Visitor: 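For reference, the structure I am asking about is given below.
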Amino acid sequence: MKNYLLLFLILSMSSSLSFIVSGEPTPVNIGVILDMKSRVGKSSFVSMKIAMDDFYTAHPNYTTRIVFKTRDSQKKVISAATAALDLIQNERVEAIIGPQTSSEAPFVGDLGAKANVPIVSFSATCPALSPTQSPFFIRTGLSDAAQAPAIAALIQAYGWRRLVPIYEDTDYGAGFIPSLVEALLGVGVNVPYRSIVSKDSADDDLLLELYRLKSMQTRVFLLHMSTSLAVKLFDQAEAACMMDEGFVWIISGKLTSLLPSVAHDSIQGVLGLRPYVPVTTDKYHKFHKRWRREFRREFVSDDDDDDSTKLTTFSLWAYDTVWAVALAVEAAASRDFTRVVSEGRRTDLSAIPVSKTGKKLLHEIKRTRFNGLAGEFHLVGGELNVSVFQLMNLHGKNEMKIGYWTPIAGLHRHLGKDNNGGYSASMESLRPVIWPGEPKMVPKGWEMPTSGKKLKIAVPGTVLPGFRSFLNVRTDSKTNQTIFGGFVIEVFESAVKRLPYALPFEYVSYKSSDGKSTGSYDDLVHQVTLQKFDAVVGDTTITAKRLGYVDFTLPYTLAGISMVVPLQNKQSKNAWIFVKPLTLDLWLVSLSFFVFTGFIVWVLEHRINPEFRGPPMNQLGTIFYFTFSTLVFAHRENIVSNLGRFVVIIWVFVVLILQSSYTASLTSMLTVDQFVPSYSHINELKERGLRVGHLNNSFVKDFLTKTQGFNQEKLVPFRSPEEYAEALAKGSQNDGVAAVIDEIPYLKVFLKYHCDNYTMAGQIYKTGGFGFAFPKGSSLAQDLSRAILNITEGDEMTDIERRWFGDQTNCLKQGSKLSSNSLNFRSFWGLFLITGIASLVAFCIYWIIFFHKNRNQLMSEIGPGHSLPWRLQSIGWLFDQKDLSSHTFRNAEVKDGSTRGTNNCPQSPLSYSTADTFGGGTPTTDELATPNSETPLHGEVTIVHEAR
């Protein structure tokens, strides 16, 4: 073991010493397979040679140096495979850059996998071949799958809902379509047709295919093909007048990069996209000048057109690919670039030599990361990470940038400047576009087709009598044509008009030759699954069972099951009906304010109005009698204070409004009919065993028996609103029904003519509603759902319903809407607030005047030294006295002819001392009633008595 290690060290040191002595790096053969007659091949090869010179100029001390071994594939798959086998077996290449086309890549990739030789392609863009399928294949250019989301966002931004791809029948053309279709379906865009053209198609063949496309309704086309074939197709499109107004042409990334260099006047108003390349750097400008000079020098005899020397993205990727391979070769140089040769002939596939350093070199290439000419070189899963696309508007050889697309920000006019608003898929985020024919408006993307298949729309042929406003199918006696009408038909046609494309269709009546129904609605919907019809338009209910095999649009009617029952008059004869006009809260608040207002008036009038004085019980009676007598304005007490008059005026106003409202409500309850439903819940019908009606051949029967548990013998089927009315009029006891349970749209039709005596009542049981049926996965269901939603959100649906079902708001009895409701406190709280505030303000003003007028006496007699109970009792004594200074008492004295000076004024009981007056105790009744020589006979006893 030690001998082996010593030998390895000697060999390593000898190889290093040989490099130091000679000063020459170790050459490493790298194969190159390109079509040297194509523009991409020639321009890319010039870029690769410049890249190798620039790399080793920037890294002069590297121990390795790649050496190109070039082979010409001659644009043939077999030539590319032969060249790869020759490079692997005879040239001992460690990696191969190429091949150029997607058709050549699978064969060369298989050879590389067998020999452990990395195959690095910058121009094979077909996603059908990927590093996951071929482990030694590396894509250092664009994968066509990466541009599919950008194309889908562009289609979505302009509101187009259909697109027709036109692609060549090669691996390059067909490999992109699955990714494109998946991205389009993700944004709701349908692909109704795929146009496949041969790569060798003649002009007549292309023109014939274009005329076929022109006869269809879609006007948005995507081209994904070789440059030469695309130029021919655009020439024929101009001849077919398909480059005029109304058409939209979009080209994929490879065409956008190559087409401007060979384009001419036939390409006008074309949209395209290509990977974004930072072309404003000094490094790019220096390379561009050098590339043009080298290209002219090498291929001067082959290229006389200056436009053909335009630099493309593929040339930049070729440059970066050489740098990546050179960096990886240097990183893997720790091992000898030798290989094990299998036994056998050199031309035998089984004798392909296997590289020892192939896996190491593959790993180093995948992990290489740097800033190249085309941007950041970063491989993700063995493929170049291309995440930014530039959107272009092409006019011949002129290009106009209209915006950018990134996976995070979506569409934006400027890259990195206005991308803070989240993902955008709006055409407002892009610059204006010049379209074919230069119209002022964005093309709508469709036209009425001149030919093509019309959708066969099945309509229930047998319409139940009485429901023709909902759906009407009849035969014109003169023309023998079937005429379709009604609410359902108008809603469907209104929705079709809102589609962003034309939808040719024809109605087909689903009935037998004798005019009878050919089956149930489930059978009709099942015909869509059998592909006998393209859709069903009718009063078709959305159920879970039917959703199992068809797709429905959003419901266009109110979804639910309810019941219609007769109205009955519930005019009350209750003896206590007089309390119903007011709710309990209003009764309690009213009584409280009666007492409150009476108390306030008593306080304001007590000292100056003899009618509010007297024994306590008499005064309490006066409070209640006065306030409650205001109900009939029969109060006899005179109000003498201004504050009292202010309170009473406002209170009388409140009582007037309250009394008038009470009278009106009570009158309504006693005289107006009170219509209410006969039955309020579906369970009431089931528990009482009453007969119930339903529409014939409706799923409502299963709903009643299986979900609600009704006895099937109690269910009666009907066919018309007239049968509904007749059975309801008889009642359940007379071979009729107590209620009709059906879907709400049918009940609306019935109530259009019979709302005077019947109403919908009870709980509404949710259902799917009515919808239009389409095959599973049909985009029409989604598009029409969006159109139905637009109709429902506006006034159009209301107008349609009014035309076919009438204005049911004029039906007065329906739903017992005339039953009077009791008056509640919320209707009058403002009035109570006004009278309450007025009373409190008057109460506060009174006490302010009272204390101010008696301030001297109060300060001297209830000052410091007295307890709180004594103070309150003293204030009460003072309040209970007559205010003899009031004009009411002065007028009374004048009428009596008596005069009273200051000496005759009664002495306030507050001036009595406890010892002098009551002998240190509370005076008794006898003491207060017995006059003496020192106490005036008139006044004091009365005042103290009243205070008690």
Side-chain angles (χ1 to χ4, degrees), residues 40 101-102 125-127 142 144-148 150-152 154-155 158 160 162-181 183-184 189 191-203 205-214 216 218-244 246-275 312-313 389-397 399 433 435-436 443 445:
V40 173
T101 66
S102 299
T125 61
C126 178
L142 170 71
D144 287 332
Q147 65 182 327
I151 294 175
L154 187 64
I155 302 299
Y158 289 104
W160 301 317
R162 295 188 175 189
L163 177 140
V164 173
I166 307 175
Y167 56 96
E168 64 180 42
D169 59 345
T170 61
D171 294 339
Y172 162 71
F176 170 57
I177 300 304
S179 302
L180 175 66
V181 172
L184 292 175
V189 178
V191 180
Y193 180 73
R194 304 180 187 185
S195 176
I196 307 174
V197 296
S198 172
K199 63 177 182 178
D200 300 321
S201 295
D203 291 347
D205 297 331
L206 294 176
L207 187 61
L208 182 61
E209 178 64 19
L210 289 172
Y211 277 128
R212 182 181 295 110
L213 295 176
K214 190 177 181 181
M216 301 178 183
T218 306
R219 292 294 183 263
V220 183
F221 306 104
L222 172 72
L223 263 62
H224 184 69
M225 56 187 60
S226 64
T227 307
S228 58
L229 184 59
V231 171
K232 292 171 60 177
L233 189 140
F234 275 120
D235 288 338
Q236 299 307 314
E238 185 179 25
C241 298
M242 295 180 67
M243 299 301 296
D244 295 341
F247 290 88
V248 178
W249 293 91
I250 304 172
I251 56 178
S252 58
K254 190 170 186 178
L255 278 178
T256 308
S257 300
L258 301 176
L259 198 58
S261 61
V262 296
H264 48 84
D265 294 338
S266 62
I267 301 177
Q268 297 293 331
V270 176
L271 290 179
L273 76 165
R274 63 189 179 196
T312 66
T313 310
F389 287 89
Q390 192 174 40
L391 307 178
M392 310 297 296
N393 190 198
L394 307 182
H395 302 273
K397 298 180 181 180
E399 302 174 312
V433 175
W435 305 100

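Computed from a prediction, not measured in an experiment: that's the story for all the values here.
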Visitor: To the nearest 0.5 Å, tell me how far Asp205 CG sits from Gln236 CD.
Guide: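 If I round to the nearest 0.5 Å, the distance is 10.0 Å.
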
Visitor: In Å and rounded to the nearest 0.5 Å, what is the CG to OH distance from Leu207 to Tyr211?
Guide: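 Leu207 CG to Tyr211 OH: 4.5 Å, rounded to 0.5 Å.
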
Visitor: Evaluate the side-chain proximity of Trp249 to Ile267: yes if any heavy-atom separation is below 4.5 Å, no if none is.
Guide: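 They are not in contact (no side-chain heavy atoms under 4.5 Å apart), so the answer is no.
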
Visitor: Only counting residues at least two apart or in another chain, list the ones meeting side-chain contact (heavy atoms from CB on, under 4.5 Å) with Ser226.
Guide: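 Partners of Ser226 by the side-chain contact (heavy atoms from CB on, under 4.5 Å) criterion, ordered by chain and then number, come out as Glu168, Ser228, Leu229.
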
Visitor: Indicate yes or no: at least one non-hydrogen side-chain atom of Ile250 is less than 4.5 angstrom from one of Ile155.
Guide: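 Counting from C-beta outward, Ile250 and Ile155 do come under 4.5 Å.
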
Visitor: Could you please spell out the steps behind the side-chain contact (heavy atoms from CB on, under 4.5 Å) verdict for Arg162 and Val220?
Guide: CA-CA 7 Å; Arg162 295 188 175 189; Val220 183; over 6 Å; no

Visitor: What are the two closest non-hydrogen atoms of Ala237 and Leu210, and how far apart are they?
Guide: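 Here Ala237 and Leu210 meet closest at N-CD1, 3.3 Å.
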
Visitor: Ser102: what forms a side-chain hydrogen bond (donor to acceptor under 3.5 Å, both in side chains) with it, not counting sequence neighbours?
Guide: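 Listed in chain order: nothing, the list is empty.
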
Visitor: Checking Lys254 side chain against Asp144 main chain: does a donor-acceptor pair fall under 3.5 Å?
Guide: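 No, the answer is negative, given that no donor and acceptor are paired below the 3.5 Å cut-off.
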
Visitor: Restricting to non-hydrogen atoms, name the atom on Gly272 and the atom on Thr256 that form the minimum distance, rounded to 0.1 Å.
Guide: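 For Gly272 and Thr256, the tightest heavy-atom pair comes out as CA-OG1, 3.5 Å.
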
Visitor: Does a side-chain heavy-atom distance below 4.5 Å link Val181 with Arg194?
Guide: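 They are in contact (side-chain heavy atoms under 4.5 Å apart), so the answer is yes.
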
Visitor: Tell me whether Lys199 forms a cation-pi arrangement with Tyr172, defined as NZ or CZ under 6.0 Å from the six-membered ring centre and within 45 degrees of its axis.
Guide: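 The answer is no, since Lys199 fails at least one limit relative to Tyr172.
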
Visitor: Excluding sequence neighbours, so at least two apart, what forms side-chain contact (heavy atoms from CB on, under 4.5 Å) with Ala150?
Guide: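 Listed in chain order: Leu273, Phe389, Trp405.
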
Visitor: If you compare all heavy atoms of Gly175 against all heavy atoms of Cys126, which two are closest, and at what distance to 0.1 Å?
Guide: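 Here Gly175 and Cys126 meet closest at CA-SG, 3.7 Å.
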
Visitor: Would you mind reporting whether Leu213 and Phe221 have side-chain heavy atoms less than 4.5 Å apart?
Guide: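 In contact.
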
Visitor: Going by the rule side-chain contact (heavy atoms from CB on, under 4.5 Å), which residues pair with Ala148 if we only count those two or more places apart in sequence or in a different chain?
Guide: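 Testing Ala148 for side-chain contact (heavy atoms from CB on, under 4.5 Å), a comparison that skips the adjacent residues, returns Phe176, Ser179, Ala183.
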
Visitor: So, do Val189 and Trp160 sit near enough that their side-chain heavy atoms are less than 4.5 Å apart?
Guide: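 Of all side-chain heavy-atom pairs linking Trp160 with Val189, none is under 4.5 Å.
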
Visitor: Does the side-chain contact (heavy atoms from CB on, under 4.5 Å) test come out yes or no for Val270 and Phe234, once each step is laid out?
Guide: CA-CA 10 Å; Val270 176; Phe234 275 120; 4.0 Å; yes

Visitor: Which pair of non-hydrogen atoms, one from Lys232 and one from Ala202, has the smallest distance, and what is that distance?
Guide: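 Result for this residue pair: NZ-CA, 4.5 Å.
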
Visitor: To the nearest 0.5 Å, what is the distance between CG (Leu163) and CD1 (Ile151)?
Guide: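 Nearest 0.5 Å value for the CG-CD1 distance: 8.5 Å.
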
Visitor: Just to verify, what does Phe247 make a ring pair (Phe, Tyr, Trp, His ring centres under 6.0 Å) with, not counting sequence neighbours?
Guide: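 Counting only residues at least two positions away or on another chain, Phe247 forms no ring pair (Phe, Tyr, Trp, His ring centres under 6.0 Å).
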
Visitor: Rounded to the nearest 0.5 Å, how far apart are CG of Asp235 and CE of Met243?
Guide: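 Asp235 CG to Met243 CE: 10.0 Å, rounded to 0.5 Å.
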
Visitor: Got a sec, which residues hit side-chain hydrogen bond (donor to acceptor under 3.5 Å, both in side chains) with Ser195, two or more places apart in sequence or on another chain?
Guide: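 By the side-chain hydrogen bond (donor to acceptor under 3.5 Å, both in side chains) rule, Ser195 matches Glu209.
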
Visitor: Is there a side-chain contact (heavy atoms from CB on, under 4.5 Å) between Val433 and Tyr158? Walk through the geometry before answering.
Guide: CA-CA 11 Å; Val433 175; Tyr158 289 104; 3.3 Å; yes

Visitor: For Ile196, which residues count as a side-chain contact (heavy atoms from CB on, under 4.5 Å) partner, sequence neighbours excluded?
Guide: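 Ile196 satisfies side-chain contact (heavy atoms from CB on, under 4.5 Å) with Tyr167, Asp169 only.
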
Visitor: What are the two closest heavy atoms between Leu222 and Ser252, and how far apart are they?
Guide: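 Between these two residues, the closest heavy atoms are CD1-N, 4.3 Å.
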
Visitor: How long is the span from the NZ atom in Lys214 to the CZ atom in Arg219, to the nearest 0.5 Å?
Guide: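 That separation rounds to 7.5 Å.
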
Visitor: For Asn393, check side-chain hydrogen bond (donor to acceptor under 3.5 Å, both in side chains) against everything at least two apart and list the hits.
Guide: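 In terms of side-chain hydrogen bond (donor to acceptor under 3.5 Å, both in side chains), with neighbours along the sequence ignored, Asn393 is linked to His395.
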
Visitor: Report yes if the side chains of Thr312 and Leu258 come closer than 4.5 Å at any heavy-atom pair, otherwise no.
Guide: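 Yes, side chains in contact.
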
Visitor: With rounding to the nearest 0.5 Å, note down the distance linking CD1 in Ile251 to CG in Leu223.
Guide: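 It is 8.0 Å, given to the nearest 0.5 Å.
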
